[in-house]
Amino acid sequence: MSEILVLVEHSEGAVKKVTLELLTLARSLGTPSAVWLGAGADAAALAILGEYGAETIYVADSADLDDFLVAPKAEVLASLIADKAPAAVLIASTADGKEIAGRVAIKADSGVITDAVGVAADLTATQSVFGGSTVVKSKVTRGTPIITVRPNSTAPEAAPATGTRSDVAAAISDAAKSAKVTGRTVAQRGGRPDLAEAAIVVSGGRGVGGAEGFGVVEALADTLGAAVGASRAATDAGWYPHQFQVGQTGKTVSPQLYIANGISGAIQHRAGMQTSKTIVVVNKDPEAPIFELADFGVVGDLFTVVPQLTEEIGKRKA
Amino acid sequence: MKIAVCVKQVPDTWAEKRLKPEDSTLDRESAEGVLNELDEYAVEEALRLIEAQGGEVVVVSMGPERAGETIRKALSMGADAGIHIVDDALHGSDAIATSAALAKALEGRGFDLILFGSESTDARMSVVPAMVAERLGLPQLTFAQKVEVDGSTVRIERQAEYGYDSIEASAPVVVSVVEKINEPRYPSFKGIMAAKKKPVDTLTVADLGLEPVTVGLAAAWSAVDEFAARPPKAAGTVIADDGAGGVKIADYLSQQKFI
């Protein structure tokens, strides 16, 4: 079977869930090989990749891969493509992932498709575009297909494979070492899953009324182990940090469950969440367009409905 | 300091967007064309940088004839000059060809900074800035929520969900900006009048030294096989809160096995 390269997303030595999804998807396309770039590839991390079907795990461990932005990773990945001639390369559709894909496409003289929500055995990619209003099927027609896939597109399933480590040289040119990472600033919002990756997203909008109002949204999110999102109205007003904006000018999410609180559902917001599998809405305006997307909706005051829901979930989990 | 800002004309954010059945490209005529929202932040940032440090801002756009309106909008905000890459051969170009055309138009003009919005609101690929950096062999400082220019050193805060990364490089650099970076100005009446007299150069594929067969729809490195409107969602259940709305949602979530 033909080899499918899967670029591993990892943070502090832990493999991200989206990588397990991509390995699962890659098994339906050929034989998956994982590509680990940077430090932290210990035995436990590699074992997980093997458990989800990676036959081979290429490891390029060099500080340069972590110390400079994107370009060194694209360089190593492009040289692996030249060396192994895989049938396709799958990369997570994250900010870094898409930029790596773009650079690799040019280096490898290959077409690129971003934000796929599915990939068929013949490498036809399905995308959901224009805020989820149109479904497009397309194919790379030149070189090695480089496809970035949105988190939550495939349910990860284990299927143990050998997971043999194969170290590769990380010969990185000086040109790729031009944008230096000089520091990382972590805001105090730890403990919640990544917004793009989360299986459940709980979000708040104009109806939340202020920064302090997000307390009820966060409390619900925490009972469900969910990520917190916000509409543009809420981030523009400064009630919640901009990086959590869901919508046309923010992040696109496609979780199993999306709970929209006090969000009217303008196209700006819908464009970022309407492919969510199940949508629950709480809004006091029965005319809010967001109700058109709701699988289950409650017309009511979020400050009574949401805390009651949080308490009820707590009781049922106890 | 000489700054280029690459901008794109996109269908109005509030309009329904669709593909044309004949060639699966975006139907640009059915909606009003506007300056891509995220590019307004790039124009604003460029203007703030030259207002503080002196210099010139050149707006660069690739697109059909009417994309000229978008260049004028940026000029009315205060940019000094424009470059419009316009050629029928470019219709249907993918990100790869777009980055090639932009790179050719930008190279050799002595830009210290090349600014972009972090993505367009139509295609939303977010890859063109990285591709242009790749083609020009320049450092990429992308997804900036803050940009600082200190002599030839450019520093940014790259937005991330956990906070931000600090990234540094020497000019010339490619920078893309996110919405958080500033609040774009509205063009003044004076600015709109002045924009009419500002120079806009047009460049064709031949002027760029590109082979027409390497750009446009036929040369795209990926092709659309088919597309369809997403099937409408079945209507869900909406109830009025009777004092037990939260409990009813919990019932629904249990039934769907979320809790």
Side-chain angles (χ1 to χ4, degrees), chain A residues 69-71 95 98-99 101-103 105-106 110-114 124 128 130 132-143 175 178-187 194-195 242-243 248-249 257 267-268 278 280 291 293-300 305-306 308-309 312-313 316-317, chain B residues 13-14 16-19 37-38 95-96 99 121 124-127 130-131 134-135 137 139-143 158-169 178-180 221-230 233 236-241 245-250 252-254 256 258-259:
Chain A
L69 193 61
V70 179
K98 292 209 279 187
E99 293 193 327
R103 282 178 169 259
I106 289 173
S110 294
V112 58
I113 291 174
T114 63
T124 297
S128 174
F130 305 150
S133 67
T134 305
V135 177
V136 176
K137 292 189 181 208
S138 53
K139 236 174 152 170
V140 166
T141 51
R142 174 168 170 138
S178 57
K180 187 168 173 51
V181 181
T182 56
R184 168 163 293 187
T185 304
V186 177
D194 283 355
L195 185 53
H242 174 261
Q243 59 266 39
Q248 194 155 31
T249 53
L257 172 63
I267 194 167
Q268 151 71 25
T278 299
V280 170
F291 281 114
L293 299 178
D295 294 287
F296 192 83
V298 172
V299 180
V305 176
V306 175
Q308 187 182 64
L309 171 59
E312 188 65 21
I313 294 169
R316 293 184 193 201
K317 281 189 168 172
Chain B
T13 320
W14 300 91
E16 293 291 339
K17 292 178 264 287
R18 56 174 172 262
L19 296 174
E37 269 193 84
L38 290 163
I96 307 248
S99 67
T121 54
R124 302 199 65 190
M125 288 182 77
S126 231
V127 296
M131 285 178 167
E134 173 72 31
R135 289 189 183 277
Q140 69 166 79
L141 302 176
T142 42
F143 297 95
R158 176 178 170 91
Q159 188 177 67
E161 205 165 300
Y162 48 76
Y164 61 87
D165 289 327
S166 303
I167 320 275
E168 182 179 307
V178 298
E179 211 187 341
K180 188 183 178 180
W221 293 4
S222 58
V224 173
D225 292 337
E226 56 176 87
F227 68 88
R230 185 182 169 80
K233 192 167 173 143
T237 308
V238 177
I239 58 163
D241 181 26
V247 174
K248 285 177 180 159
I249 297 175
Y252 176 78
L253 295 181
S254 299
Q256 300 293 318
F258 286 111
I259 48 175

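Just so we're on the same page: letters track the sequence lines, and every chain starts at 1.
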Check: If every non-hydrogen atom of A:S128 is compared with every non-hydrogen atom of B:R230, which pair is closest and at what distance?
Finding: OG-NH1, 4.4 Å
Notebook entry, point to check: Counting only N and O atoms by type, is there a donor-acceptor contact under 3.5 Å from the side chain of A:K317 to the main-chain atoms of B:I259?
Noted result: no
Check: Is there side-chain contact between B:Q256 and A:D295, with at least one heavy-atom pair below 4.5 Å?
Finding: no
Note to self: Counting C-beta onward and ignoring hydrogens, is there a side-chain heavy-atom pair between A:L69 and B:D165 closer than 4.5 Å?
What the structure shows: no
Next item on the list: Just give me the residue among A:G297, A:G102, A:A71, A:S133 that pairs up with chain B most often, heavy atom to heavy atom, under 4.5 Å.
Entry: A:G297
Checklist line | chain B interface, residue from A:G300, A:G183, A:G143 that has the most non-hydrogen pairs under 4.5 Å | finding: A:G183
Next item on the list: Tell me, out of B:E179, B:R135, B:E168, B:M125, who's got the most heavy-atom pairs with chain A below 4.5 Å.
Entry: B:E179
Checklist line | Residue B:K233 versus chain A: region with a heavy atom under 4.5 Å | finding: side chain
Item checked: Heavy-atom pairs under 4.5 Å with chain A, option from B:V127, B:V178, B:I249, B:L253 with the top count -> B:I249
Check: So which of A:A105, A:A95, A:A101, A:A294 has the biggest tally of heavy-atom pairs under 4.5 Å with chain B?
Finding: A:A95
Notebook entry, point to check: Taking atom OG1 of B:T121 and atom CZ of A:F130, what is their separation to the nearest 0.5 Å?
Noted result: 10.5 Å
Checklist line | chain A contact via B:Q159 - side chain, backbone, both or neither, heavy atoms under 4.5 Å | finding: side chain
Notebook entry, point to check: For the side chain of A:T185 and the backbone of B:G163, is there at least one donor-acceptor N/O pair under 3.5 Å apart?
Noted result: no
Next item on the list: Measure A:A175 against the heavy atoms of chain B and call it side chain, backbone, both or neither at under 4.5 Å.
Entry: neither
Checklist line | Side chain proximity check, B:Y252 to A:V298, heavy atoms < 4.5 angstrom | finding: no
Note to self: Please classify the contact between A:R103 and chain B as side chain, backbone, both or neither, with a heavy-atom cut-off of under 4.5 Å.
What the structure shows: both
Checklist line | Contacts of B:R124 that satisfy side chain to side chain donor-acceptor pair (under 3.5 Å) - sequence neighbours left out | finding: A:T252, B:E119
Next item on the list: Just do the side chain to side chain contact (heavy atoms under 4.5 Å, CB included) check on A:Q243 and B:Y164 with the steps written out, would you?
Entry: CA-CA 10 Å; A:Q243 59 266 39; B:Y164 61 87; over 6 Å; no
Check: What residue in A:G132, A:G111, A:S178 has the most heavy-atom pairs under 4.5 Å with chain B?
Finding: A:S178
Item checked: Top of A:V140, A:T124, A:V306 for chain B proximity - count of heavy-atom pairs under 4.5 angstrom -> A:V140
Checklist line | For chain A, the option from B:S222, B:S99, B:S254, B:G236 that forms the most heavy-atom pairs under 4.5 Å | finding: B:S222
Notebook entry, point to check: With respect to chain A, which residue among B:R18, B:E226, B:M131, B:K248 yields the maximal number of heavy-atom pairs within a distance under 4.5 Å?
Noted result: B:E226
Checklist line | Smallest separation among heavy atoms of A:E312 and B:A250, with atom names | finding: CG-CB, 3.4 Å
Note to self: Restricting to salt bridge (Lys or Arg N to Asp or Glu O under 4.0 Å), what partner residues turn up for B:K17, sequence neighbours left out?
What the structure shows: none
Margin query: Less than 4.5 Å apart, side chain to side chain, heavy atoms only: is that true for A:D194 and B:Y162?
Written below: no
Next item on the list: Provide the closest heavy-atom pair for A:V305 versus B:G245 in the form atom of the first, atom of the second, distance.
Entry: CG1-C, 4.0 Å
Next item on the list: Assess the side chains of A:E99 and B:T142: does a donor N or O sit below 3.5 Å from an acceptor N or O?
Entry: yes
Next item on the list: Can you tell which part of A:I113 gets under 4.5 Å to a heavy atom of chain B, answering side chain, backbone, both or neither?
Entry: side chain
Item checked: Atom of A:L309, atom of B:G246 and distance for their closest heavy-atom approach -> CD1-O, 3.5 Å
Notebook entry, point to check: With a 4.5 Å limit on heavy-atom distance, are the side chains of A:Q308 and B:V247 in contact?
Noted result: yes
Checklist line | Largest heavy-atom contact set with chain B, pairs under 4.5 Å, which of A:K98, A:Q248, A:K139, A:K180 | finding: A:Q248
Check: Side chains of B:E37 and A:T249: is there a donor and an acceptor less than 3.5 Å apart?
Finding: no
Checklist line | Closest non-hydrogen atom pair, A:A179 against B:A169 | finding: CA-CB, 4.1 Å
Checklist line | Validation row: A:V112, B:W221 side chains within 4.5 angstrom (heavy atoms) | finding: no
Next item on the list: Select one option (side chain, backbone, both, neither) describing which atoms of A:V135 are under 4.5 Å from chain B's heavy atoms.
Entry: both
Note to self: Is B:A95 in contact with chain A via its backbone, its side chain, both, or neither, using a 4.5 Å heavy-atom distance?
What the structure shows: neither
Next item on the list: Report yes or no: does B:E161 contribute a side-chain atom to a donor-acceptor pair with the main-chain N or O of A:L195 at less than 3.5 Å?
Entry: yes
Checklist line | When B:L19, B:D241, B:I239 are compared by non-hydrogen pairs under 4.5 Å with chain A, the top option | finding: B:I239
